[in-house]
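These values consider heavy atoms only, across backbone and side chains, with no hydrogens, waters or symmetry-generated copies. Order of appearance sets the numbers: ligands from 1, and atoms from 1 within every ligand. Residue numbers start at 1 and run along the sequence shown. In this text the structure is predicted, and so the values were computed from the model without any measurement.
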Amino acid sequence: MHIVSLAGGIGGARFLRGLRAADPAATITVIGNTGDDITLFGLRVCPDLDTVMYTLGDGIDEEQGWGRAKESHVVKEELAAYGVEPQWFGLGDRDLATHIVRSQMLEAGYPLSQITEALTTRWQPGVRLLPMSDDRCETHVVIEDEHGRRAVHFQEWWVRLRASVPAQSFALVGVDTARPAPGVLEAIEEADVVILPPSNPVVSIGTILQVPGIRDALLPKTVVGVSPIIGGAPVRGMADACLTAIGVKTTAQAVLELYGSDLIDGWLVAEEDARVALDGVRVVARPILMHDVAAAADIARTTLDLAQELAR
Ligand code: FO1
């Protein structure tokens, strides 16, 4: 079976680990969010691609959900000693090697999709990882604080501000001229099922859906999503701050409506959200907390069974 899964960061990567376990024989193509990407110290950092690559390649710092296991921060300390900013974004020594390889390949003219393929050759994640686009397309956040109304990079809002300053709006800079990366539309076309894991519906899944051509390519496909919201709260991260910023309630119902019944065919929700309903969507209520790989695999199995049932 050919599966396509969109994915953001931690929640998406953990779900994918379960999906791979749920159907080891399936070919899985992951379309990764690159809206979080940032250039720091002359290096291009792709947090969501790296989180998927490290998680599925068994190199992730499991507790943090991002960055490398067994990491050290000597370079970070040295940069701080020079007073170099930003010091709020911690790049570990092992992680830096990934950004150096990626940055020198970008400098040599390779597209991000080929670079990601090269990096995953080492990590063997067991899925094909594609960036949503090879074109630079970054999420910026409009905020209003003592410095007035301005846009900051998503990472500054997410990491330095911890989303403590309300986002007035999000701007996906470059999205108008961004094209799906090579292979993205073909993978969607060939997919038997498409899965939307419980990634951030605004700045991860929502970002990927904004790349011209991707959402339209998904409409004819059987798409099953897993709610990132349980009982009115995000499982992890700050999806509530993101949803509020775009005027959407933090509920499984509201996220389903945000995605739209033209896109979603099946929707997995937690048992406390069993009343969720939308015409044209099959809603299945079951435990959806991924507290370990086995739980993630069980949830993934349900999404695949539901997708196959709906595809008939
Ligand atoms: N998140 C933090 O909260 N603090 C950090 O210092 C930080 C550094 C970092 C470095 C590389 C990387 O790939 C991710 C990093 N993240 C950090 C997480 C990152 O902000 C999020 O993973 C995504 O952007 C949101 O999904």
| query | Is the shortest distance from a Lys or Arg side-chain nitrogen in Arg282 or Glu309 to a carboxylate oxygen in the other one below 4.0 Å? | reply |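 Counted as a salt bridge, because a side-chain N and a carboxylate O are separated by less than 4.0 Å.
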| said: Apply side chain to side chain donor-acceptor pair (under 3.5 Å) to residues Arg128 and Thr29 and explain how you reach the verdict. | reply: CA-CA 5 Å; Arg128 186 178 176 215; Thr29 301; 4.7 Å; no
| Which pairs pass side chain to side chain donor-acceptor pair (under 3.5 Å) with one or both residues in residues 192-215, sequence neighbours excluded? |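 Only Arg215-Asp262 qualify under side chain to side chain donor-acceptor pair (under 3.5 Å).
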| query | Which residue pairs pass the side chain to side chain donor-acceptor pair (under 3.5 Å) test when at least one of the two sits in residues 58-75, sequence neighbours left out? | reply |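 Every pair satisfying side chain to side chain donor-acceptor pair (under 3.5 Å) with a residue in residues 58-75: Arg17-Glu62, Ser72-Asp93.
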| request: Verify ring-ring contact (aromatic ring centres under 6.0 Å, His included) between Trp157 and Phe170, making sure each step is shown before the conclusion. | output: CA-CA 11 Å; Trp157 182 68; Phe170 296 104; 5.6 Å; yes
Identity and separation of the nearest protein heavy atom to [atom]:
atom                    : value
atom 12 (C) of ligand 1 : Pro47 CB, 4.0 Å
atom 4 (N) of ligand 1  : Val159 CG1, 3.3 Å
atom 23 (C) of ligand 1 : Asp36 OD2, 3.4 Å

Please work out, at 4.0 Å between heavy atoms, whether the side chain, the backbone, both, or neither of [X] comes within that distance of ligand 1.
X      : result
Asn200 : neither
Asp95  : side chain
Arg162 : side chain

| task | Apply the side chain to side chain donor-acceptor pair (under 3.5 Å) test between Arg301 and each candidate in Thr303, Asp298, Asp305; give the one that qualifies. | result | Asp305
| message | On a heavy-atom basis, I'd like to know which of Trp157, Phe89, Trp158 is closest to atom 21 (C) of ligand 1. | response | Trp158
| request: Report the member of Trp66, Phe154, Tyr54 with the shortest heavy-atom distance to atom 1 (N) of ligand 1. | output: Trp66
